[in-house]
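One structure is given here, and the rest of the page talks about it.
Atoms considered below: every heavy atom in the structure, side chains included; atoms not considered: hydrogens, waters and symmetry mates. Predicted model only: the values in this text are computed from it and were never measured. Just so you know, residue 1 is the first one in the sequence shown, and it goes up from there.
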Amino acid sequence: MRAAPRPRAHLFVCENRREGSPLGPGCGPRGEAVFDALKRAVGEQGLTVDVWVTRTRCLGVCPAVGTAVAIYPRGGLLTEVLAADTAALLRRAREENP
C-alpha cells in the first residue's frame, strides 16, 4: 500500500439526475457545466496537482439554480453554483486550504 499525493483542495461537483422525482430533477446538466468549467480552468491554470475536481451524485442540497459543490477539506458546501463562478470557486479553494 502506498499513500497517494494529496491535493490542496478537492472540489466535488453534483451532477445527480432524478427523473420524475417530487424533489425535482437534480443538478444534472447544471452540474456538468460547472464540472467542465472547473476542469478546464484547473488545467489552463496549471493547478492539476493542487486542486482536484470530481463529479459526484447528490450532496444533499438540491438548489433550484446551479448546482452544489463541496470543497474539501475546509471550504464547506456551496449551493447555487454556476459555471460563471469558476474563478471565485478556485480562489476560495486555494485561500481556504493553504
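In this structure, OG1 on Thr56 lies 11.0 Å from CZ on Phe35, to the nearest 0.5 angstrom. Of the inter-residue distances, the one linking Arg30 atom CZ with Glu15 atom CD reads 11.5 Å to the nearest 0.5 angstrom. Separating the CD atom in Gln45 from the CG atom in Asp50 is a distance of 11.0 Å, to the nearest 0.5 Å. Atoms CH2 and CZ, from Trp52 and Arg6 in turn, are 9.5 Å apart once rounded to the nearest 0.5 Å. Annotation: the span from Arg8 atom CZ to Glu96 atom CD amounts to 11.5 Å, rounded to 0.5 Å. Here the CG-CG distance, from Asp85 to Leu38, works out to 9.5 Å after rounding to the nearest 0.5 Å.
Here the closest non-hydrogen pair linking Val81 and Val34 is O-CG2, 3.5 Å. Closest non-hydrogen pair, Ala70 versus Leu59, comes out as N-CD1, 3.9 Å. Of all heavy-atom pairs between Cys58 and Arg18, the closest is SG-NH1, 4.5 Å. In this structure, Ala68 and Val61 approach most closely via the heavy-atom pair CB-O, 3.8 Å. Considering every non-hydrogen atom in both Pro63 and Thr79, the closest pair reads CB-CB, 4.3 Å. When every heavy atom of Gly66 is checked against every heavy atom of Leu82, the shortest pair comes out as CA-CD2, 3.6 Å.
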Might you work through the side chain to side chain contact (heavy atoms under 4.5 Å, CB included) test for Leu47 and Arg94, ending with a clear yes or no?
CA-CA 10 Å; Leu47 299 173; Arg94 291 190 316 263; 3.3 Å; yes

Passes side chain to side chain contact (heavy atoms under 4.5 Å, CB included), Arg55 versus Lys39? Steps please.
CA-CA 10 Å; Arg55 60 180 92 228; Lys39 288 294 273 192; over 6 Å; no

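A 6.0 Å sphere centred on OH of Tyr72 holds no more than 12 heavy atoms belonging to other residues, nucleotides or ligands.
When side chains are defined from C-beta on, His10 does not count as touching Pro73, because their heavy atoms never get closer than 4.5 Å. Annotation: side chain of Arg40 is not in contact with side chain of Thr86 (no heavy-atom distance under 4.5 Å).
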